[in-house]
Asker: 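I'd like to ask some things about the structure below.
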Amino acid sequence: MVDQVSGPRGRGRSLNKVPWLIALPAVAALIGLRFLPSIVGGTFAFTDWNGADANWIGFDNFFAIFRDPTTSNALVHTFQLAGLLVVICNVLGLMLAMSLRTAFKTRNLMRAMFFLPFALSHLATGYIWQYIFQYSGPLNRILGAAGLESWQLVWLADPNWAIYTILVVLVWQYTGLTMVIYLAGLEGIPDELHDAVAMDGASPWLKFRKVTLPLLAPAITVSATLTLIYGLGAFDQVLSMTGGGPVNATETLATQVWQNTFVYGRFGYGSALALILTGLVAILSIAQVSLLRYQETRL
Amino acid sequence: MASIHLKNVGKRYPDGNRAVIDLNLDIADGDFMVLVGPSGCGKTTALRMVAGLEEISEGEIHLGGELINDVEPGKRDIAMVFQNYALYPHMSVFENIAFPLLSQGVPRAERRDRVERTAAVLGISDMLDRKPRTLSGGQRQRVAMGRAIVREPQAFLMDEPLSNLDAKLRVQMRSEISRIQAELGITTIYVTHDQVEAMTMGTRIAVMRKGVLQQEGSPEVIYGQPANLFVAAFIGSPGMNFVTAELSRRGDDLVLGIGPQELVLPPKTLAQRPALLEHESGSIVIGIRPEHLSLPPTDNSAKLKATVERSEMLGAERLLHVSISAKPVSADEIMEAAEEVSAAAPAMLQDGSKGDEVALIARIDPSIVPQPGSTVELGVGLDRLHFFDLESGRAVL
Amino acid sequence: MRDRYSRKTLIWEVLLLLLAIAFCLPLYLLVSISLKPPQELFTSPLTFPTDLHFENFSRAWQARNSGGMASAMISSVIITVGSVATLIVIGSLSAYAIARRPGKLSATLYTLFVIGIIVPFQLTVLPLFVLFRSLGLIGTYLGMIILWVGILTPLTVFLYTGFVRTIPRDYEEAARMDGAGLVRTYVQVVFPLLRPITGTVAILTGLFIWNDFFASLIFLGGSGRETLPVAIYSFVGEYLTQWNLVFAAVVIALAPLLVFFLIAQKQMIRGFSGGIRG
C-alpha cells in the first residue's frame, strides 16, 4: 500500500522491495469476510432481530440463554465434549505417536490407518457410527455375542449415554490428527538426545517426563489447541448421529447456533450463542496457549 | 567489461550503525579485486551495494564511467556468485544457467548455444539435465559460475564462493576461478575472510576492518609493506611476529632494545624510513615475518637469543615456536586479526606472551630439530623488519 | 539398538496392527453394508455380504434429491478446486509481502491474520448470509468460493508466511541480479520454491472445504448446487433406515477422497505435520 520512495539518495529509498499491493486481496478478504462480519454478528447478539424489526435489548439474549435449559445444557455439553476430547485425544495420540516411532514393518501403513478417519467427511462417517450404535446394530450384537446382554443399551436414545457416543466418534476422528502432530514433534527431537539419555541410564518414565515431554511442548500446544477448537465447534457428528436428541441431550453450542438462526429465525438469539462460542474459543485457546508456553519456558 | 569506482561510499542503517565508512576504491578494467577482512568488516555490504542489493546511503558507485546508484540490480549488467550459490532448486542445470538469458529475452536458439558453450568452458556439459541437489559441492560451484559467465557481464561479484567447499576442492576451485577470470578478462570483486584466498587469487587486495578500508594494493605490497598493524597481522599464515622495542641512538646508529638484547640497525634503515627519527628514545612496535627469522643465522645477520618451546613439522618446513624476554604487543588490531585464524588464538597469544615473555614463530629448514627448552640464536633479517607506531598502529616509514 | 527388530517388537507390532484394524472397522462396515441386501442388515451386520448387491450404488447414484450424487460431486469439485486455487494465489502473494517487508505493518498484519484463524465461522455466518443474499451469491459456486476464501485466507497466509521466512533471500537476489523483474521473480523463482507449503495448504484447505457440511448446508441448501455432504444429509433424510442405500451413497461421497488418500497418504500426513510445524 505504501511504498516509501524518497529522494534518489535518501535513506529508506526502496531498492527491489516487494510491493504491499500484492497483499491487498488477502487483507481485503480478512477484513471484509472475517472481521467486519464478526463485528456485525457481535452486534446482532444484543438485538432481538428475527427477520423483521430489530431492537437493542442489551444482554437479554444472554440472560435468556442461561435461563433456557436447552441452551444452558448445550453449553454444558460443549464443555464436556471439548474437555474430554482434548484430554483423551492427546493422551491417545501421544501414545500412538510414540509407539509408531518404533521401526515396525507396517509402520507407515498403521500411521495411515489411524489418520484415515480424520480425512473423511465428518458428516458421512457420523452415519456409519449411527448405524453402529443402533439398538440392533453391530455394537450391541458384539456385546450380546460376548455374553454382556446387560450392557446392551439404546445408545443413541439414552439421554445419559448419547453424548458419549458422540465423544467416541470425535475421539475416533481426531486421534489420528494428534498422532500426526506428535509424530512431527518427536521427529524434531534429535536422536543424539535420546542416545545421551539412554547413556545416562535414565528409566523410560524419567526419560519421557524430563526429555520427551518438555521438548514436545510446542506440539502439545498446537495439538491441544486444535482439538479444543474442534471440540467446541462439534456440529457435523451431532447432526448426523443424534440431531441434538434425545430430548436435547446432545445439543451443543454449534448446533444451537444453527438451529436458532437458520431453523427458528431467531437471529439475535443465535448471534448471542455464536458470540458465546467465540468468547469460549478465544479465552480457552489463549489460556491454553499461555499455560503451555509458560510450561515451555519453565522447562 | 568495465572499471568500477567507489567514491566516498558509506552504508548507514536506520539505527545509526555504519557498516561501511567512506570507502574509495578504483578497480581497473579486468582487475581481480579481493575484499578481505574479518567478519563484520563491511566487505559483504560493500559488495552488495555494488550489486544493487543494498541501498547506497552515501557516495557514488560508477560502473564503466556510469553512475549506477539508482540502477536496478538486473540492469547493472553485473553477475553475482552467492555464498550458497543460490541455484534455483526446481530448475535443471541448463535452466539455471539459461535463466539470466531468459530474463534478458535472448532467443531460444541463442540461449541453448550460449549455455552449451558456457558449460563446455566449465566442464559441466554432461550435467545440464540434472537438478542442483544431485550435484556435488564443486559441481554446484561450477553451475553458479556458469550462471554468472553466460551473461558476459561487465563485472563479476563473488561473495565467499568457496566457503562451502572442503579444503582440497577449495584449492582446486581457487585456481579454476582465477583461470576463468583471466581468460574472460572480466572485472571481478571477490569477497572473502580467508587471507590465503586473497593472496592467491587477487590481482589487487583491499583489506577492510570495521567498515574502513585499511589498505589497497597488489598482493606483494599488502604482504611486503603492510600499512598498519592490522594488515600486518591479518595477512600471512602463520602471522607476523610482533614485539615492543625501545628505539635509541648510539652515535650514528639506531639501536633497538628488545628486552635485555639489542639489535643495531644498519644506516640504510634510517635512510629508508626517515620517520623512525620521530620515535627516537621511545617505544616502537617491530614486526618480522616467520620466514625472516633464520636458524642457523646467516653470517652477516643480527642475532637474537631465544628459548625453544616446541616445533611443528609441516613437511617442507618447520615452524619453530620460541620465546624471548621482551615486552609483548597487545593491540586490538592484532587480537582481532588473530581471532580470524582461530577463536582461541588471542588467548594463546597472550598466554605465550605473559608479562615480559614474547612468543615468536620462525619458519626453518625441517631437517633442523632443536630441542624444546634449549636456547638458540635466531638470525634476524634487519632489512625485513617492519616498524609500527605504538599508539596509532600505523607503519613508520 | 533402537532399531533392532526383536521378538518383543514383533508382538508389539501385531497388537498395534490389530488396534489399527479395529480403528478402521467402521469403514469395513461401511463398504460391506453398502453391498448388502436389506434383509442382511440386522441379521448379520458384521459378516461380509453373501453376494454383492451393486445395484445399491446405482440406486443411490440415481436418487434425485439435491440434484443427485453426480451433480453434488461436480459441485464439490468446482467449489474445492476454485477455492483452493484462489487461496493459494492470494495467500502466497500476501505472505510474500508480509515475510519480505519486515516492520510494524508486517507484524500488525501477521497478528491480524492469526486472530482471523481463531474467530469461529459461526459468528460471521449470519451477516455473511444476509450480505450474500443481497448480492445474489447464495446457492452459487462463486458465492461459495468467496465464502471459503474468506474463511481460510488467514490460515493460508499464516502457513505461507512461516515458510517464506525460512527461504533464503539469495534466490530472489540472484534472480534480480539475473535481470528478472518482480513478476518473473515471483512466478519462476519464488512460487516454485514454495511448492512444499503449497502442497500442505492445498491438502489442508481442500480437505476442509471438501468435507464441510455446516457452511455448505446454509449457503447451498436447496439450491441444486449442494456439495456431497449436503447431498448425503438430504439423502439420509429421505432413505433413513435403508442403511444399505445410505452407505452406498456415503461410499460414493467418500470415494474420491479415499482414492486421493490411498495415492497421497504419505504426502498428506507429511503435509499436515509440515504445516503444523512450519
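For the numbers below, each heavy atom of this structure counts, side chains included, while hydrogens, waters and symmetry mates do not. Reminder, nothing fancy here: chain letters follow the sequence lines and each chain counts from 1. Because the structure is predicted, anything quoted here is derived from the model rather than measured.
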Asker: B/F82 ring centre to B/R48 NZ or CZ under 6.0 Å, with the angle to the axis within 45°?
Answerer: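 That pair does not qualify as a cation-pi contact.
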Asker: Show your reasoning for whether side-chain contact (heavy atoms from CB on, under 4.5 Å) applies to B/V20 and B/K43.
Answerer: CA-CA 8 Å; B/V20 174; B/K43 56 189 191 296; over 6 Å; no
Asker: Hey, which of C/A180, C/G181, C/P168 has the most heavy atom pairs under 4.5 Å with chain B?
Answerer: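 Ranked by contacts with chain B, first place is C/A180.
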Asker: Could you check, using the six-membered ring where one of them is a Trp, whether B/F99 and B/Y88 have ring centers closer than 6.0 angstrom?
Answerer: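 Yes - the distance between ring centres of B/F99 and B/Y88 falls below the 6.0 Å cut-off.
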Asker: Side chain from CB out, backbone as N, CA, C, O: work out which of these in B/L102 comes under 4.5 Å of a heavy atom of chain C, or both, or neither.
Answerer: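 B/L102 touches chain C through backbone and side-chain heavy atoms alike.
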Asker: Which residue out of C/L193, C/D170, C/T185 racks up the most heavy-atom pairs below 4.5 Å with chain B?
Answerer: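 Most heavy-atom pairs under 4.5 Å with chain B: C/D170.
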Asker: Check the orientation of C/F219 and C/F132. Use parallel for under 30°, tilted for 30 to 60°, and perpendicular for over 60°.
Answerer: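 Rings of C/F219 and C/F132: perpendicular, over 60°.
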Asker: What part of C/E172 is in contact with chain B, defined as an atom under 4.5 angstrom from a non-hydrogen atom: side chain, backbone, both or neither?
Answerer: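 For C/E172, neither part sits under 4.5 Å from chain B.
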